[in-house]
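Let me begin by presenting the structure, written as structure tokens, before commenting on it.
First listed ligand is number 1; within each ligand, the first listed atom is number 1.
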Amino acid sequence: MRKKIIAGNWKMHKTIAEAGVFLRGIQGHVPSRPGMEIWIAPPFTALHACMAFVKQHDLRVVIGGQTMHEAAQGAFTGEISGMMLRETGASFCILGHSERRALFHETDGIINAKVRRALETELTPLLCIGEKEAERESGDYMNLLELQLASGLAGIETAHLKRLVIAYEPVWAIGTGRTATPEVAQETHKKIRGFIARRWGESIAGSLPILYGGSVKPDNIAELLDQPDIDGALIGGAALEVRTFVAILNNVEKV
Ligand code: PGA
């Protein structure tokens, strides 16, 4: 059985005070079911405070970063290393989010270096892949997704891939309100898992959680999670408000 993960990506939202209000608001709503994990990626500045809150209140929420630098340390003004993330108590790091690729020019090569560094630092990489609208419409989006996976994971020992989580986030669905239908998402997840099985073996493919991301909301989470190859969700907008996030958590409990 693969674990299920509901992950919230706060992007550049929430001060420390606002993060505290959110975490207090979801107390009592976090599913206690074994095999179901709730992850939150706050901005760097709120990481330490969020870790302190979850420890103090015994809240079953896993805290992680939204990005990190690929070097261990050095003259990279404004950047954060994997070790710095670990020190705050973070256990995972989102890597290769489409906003990082598009707005901060992260290439598959850079993302590969970050994934390796995250693994070396004992952070779980949450590697995001996804096609743009034109690539979906041209029909050969799988070539792109396979390339993002093959280059993002190049040179990584198969045994280390057991610690990886993938998020499939079609760029045309992020922040647009246009979710992929559960059928389209399932079909793509199945193809992604098939590629991973061919390339790295059935055992890795069978145990690897593949999350769906892109306009996940309280009213579509259940039908997405019902799909056999969808192991959770990476959520932006709907993970910012207590009301919508709690509604998602409640609907997840029913699946
Ligand atoms: P969204 O963002 O849920 O607001 O579409 C998803 C993401 O960027 O991970």
(message) I want to check something: taking the side chain as every heavy atom from C-beta on, are Thr244 and Ile235 in contact at a cut-off of under 4.5 Å?
(response) no
(message) A cation-pi test, strictly: NZ or CZ of Arg100 under 6.0 Å from the centre of the six-membered ring of Phe104 and no more than 45 degrees from its axis. Yes or no?
(response) yes
(message) Which of the numbered atoms in ligand 1 are under 4.0 angstrom from any heavy atom belonging to Lys11?
(response) 2 (O), 7 (C), 8 (O)
(message) Measuring from atom 4 (O) of ligand 1, which candidate in Ala7, Gly214, Gly237, Ser215 has the nearest non-hydrogen atom?
(response) Gly237
(message) Please evaluate residues Glu131 and Arg136 with respect to the criterion salt bridge (charged side-chain N to carboxylate O under 4.0 Å, His left out), reporting the C-alpha separation (whole Å), side-chain torsions for both, the decisive distance (0.1 Å), and the verdict.
(response) CA-CA 6 Å; Glu131 81 284 0; Arg136 165 64 56 170; 2.8 Å; yes
(message) Testing Val216, Leu225, Ile40 one by one against Ile6 for a side chain to side chain contact (heavy atoms under 4.5 Å, CB included), which residue passes?
(response) Leu225
(request) Go through ligand 1 atom by atom and flag the ones less than 4.0 Å from a non-hydrogen atom of Gly175. (result) 1 (P), 4 (O), 5 (O)
(request) With His189 as reference, evaluate Ile166, Asp229, Val184, Leu211 under the side chain to side chain contact (heavy atoms under 4.5 Å, CB included) test and give the passing residue. (result) Asp229
(message) Suppose I only count heavy atoms of Glu169 and a 4.0 Å limit; which atoms of ligand 1 are within that range?
(response) 6 (C), 7 (C), 9 (O)
(message) So if I count the atoms of ligand 1 from 1 in the order they appear, which ones are less than 4.0 Å from some heavy atom of Ala173?
(response) 5 (O)
(message) Applying side-chain hydrogen bond (donor to acceptor under 3.5 Å, both in side chains) to Glu133 and Tyr141, what does each step give before you reach the verdict?
(response) CA-CA 9 Å; Glu133 186 161 26; Tyr141 58 92; over 6 Å; no
(message) Can you name the atoms of ligand 1, numbered from 1 with element, that are less than 4.0 Å from a heavy atom of His97?
(response) 7 (C), 8 (O), 9 (O)
(request) Please say whether Thr176 places an N or O atom under 3.5 Å from an N or O atom belonging to ligand 1. (result) no
(request) Please indicate whether any nitrogen or oxygen in Ile174 is less than 3.5 Å from any nitrogen or oxygen in ligand 1. (result) no
(message) Return the closest protein heavy atom for atom 3 (O) of ligand 1 as residue, atom name and distance.
(response) Gly236 N, 2.9 Å
(message) Taking CG in Asp58 as the centre, count heavy atoms belonging to other residues, nucleotides or ligands within less than 6.0 Å. Is the count above 12?
(response) no
